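What follows is a single structure, written as structure tokens, with notes after it.
Quick note on labels: first sequence line is chain A, next is B, and so on, each numbered from 1. This is a predicted model, so every value here is computed, not measured.
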Amino acid sequence: MFTFAVTLSMIKKMKLKLPLSYYLNQDVIFLAKDLLGKVLFTEIDGDVTAGIIVETEAYFGVLDKASHAYGGRRTSRTETLYHPGGVSYVYLCYGIHHLFNIVSSVEDEPHAVLVRAVEPLIGSDIMELRRNMPASRPAISSGPGSAAKALGIDRSFNKKDLTEHEIWIEDHGIRYAADSIVAGPRIGVAYAEEDALLPWRFYVKGNKYVSKPRS
DNA sequence: TGGGGGATGGGCT
DNA sequence: GCCCATCCCCCAA
């Protein structure tokens, strides 16, 4: 009986990176759900870290009152959202936290998926240094600000090509049963009026890295 | 040019 | 549960 470990170098040799065509999909609600289980990577000064995406939110472009692009708003910040799918959108929230989004769909259709939590997969030791806490604590990568920080994502990652090698996403074949994916209202978007109630937050039921909405 | 507010998180009570 | 850090964005003027 043989056993073997999947090493980082083996993973790097396989063609697991999601292709540009994946991000051009015009159904951002589908993508937000489909991205659960995909693996988000960064490589910074030779340090590779990666986490399994376990919580996302879809932002439905110009029609979505919760989106930065609502009503077709086009500013220097939101310009990234109008780019064709397959780039990152990173912005500073509350002056402190960097929030990472995946821009999707075609040019001038500013859809995006916010990554709200990841489960550490590769480089937990590096994440511990970035977060200044032990990897045993779910808080290390729970919530959009923490997930981005654990992966070393800051504003310099805005508008990066996700098919390149600074930040990218891979499919490692992780799949969740339909009944273990939960859909519910998005977090922190009360200002979006009726759109605040849309069930466009998706997460893996029971996963300890999924963020806890404040009650 | 000014100021109100935000797709949050951590620490303390 | 409460508090507030901290900075950039954005729109009104």
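- Among residues two or more places apart in sequence or in another chain, the side-chain hydrogen bond (donor to acceptor under 3.5 Å, both in side chains) test is passed with Ser180(A) by none.
- Applying the ring pair (Phe, Tyr, Trp, His ring centres under 6.0 Å) test to residues at least two apart or on different chains, none of the pairs has a partner in residues 121-150 of chain A.
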Problem set entry | Secondary structure string for DNA chain B (Watson-Crick or G-U under 3.5 angstrom, | for other-strand pairs) | ||||||.|||||.
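- Residues that satisfy the side-chain hydrogen bond (donor to acceptor under 3.5 Å, both in side chains) test with Asn25(A), not counting sequence neighbours, are absent from this structure.
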For residues 84-96 of chain A, run the donor-acceptor check on the side chains, cut-off 3.5 Å, and write out each pair with its distance to 0.1 Å, sequence neighbours left out.
unit_1: Ser88(A); atom_1: OG; unit_2: Phe157(A); atom_2: O; d: 2.4
unit_1: Ser88(A); atom_1: OG; unit_2: Lys159(A); atom_2: N; d: 3.4
unit_1: Ser88(A); atom_1: OG; unit_2: Lys160(A); atom_2: N; d: 3.0
unit_1: Tyr89(A); atom_1: OH; unit_2: His68(A); atom_2: ND1; d: 2.6

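- Partners of Thr80(A) under the side-chain hydrogen bond (donor to acceptor under 3.5 Å, both in side chains) rule, at least two apart in sequence or in another chain, are Asn158(A).
- Remark: Ser142(A) engages Ser211(A) in a side-chain contact (heavy atoms from CB on, under 4.5 Å) (not counting sequence neighbours).
- With sequence neighbours left out, Tyr209(A) forms a side-chain hydrogen bond (donor to acceptor under 3.5 Å, both in side chains) with no residue at all.
- Within a heavy-atom distance below 4.0 Å of DNA chain C, the residues of residues 131-160 of chain A found are Arg155(A).
- Asp34(A) meets the side-chain contact (heavy atoms from CB on, under 4.5 Å) test with Tyr22(A), Phe30(A), Lys38(A); sequence neighbours excluded.
- Taking every heavy atom of residues 180-198 of chain A and every atom of DNA chain C, no pair lies under 4.0 Å.
- DNA chain C lies under 4.0 Å from at least one heavy atom of each of the following residues of residues 74-101 of chain A: Thr75(A), Arg77(A), Thr78(A), Leu92(A), Tyr94(A), Gly95(A), Ile96(A).
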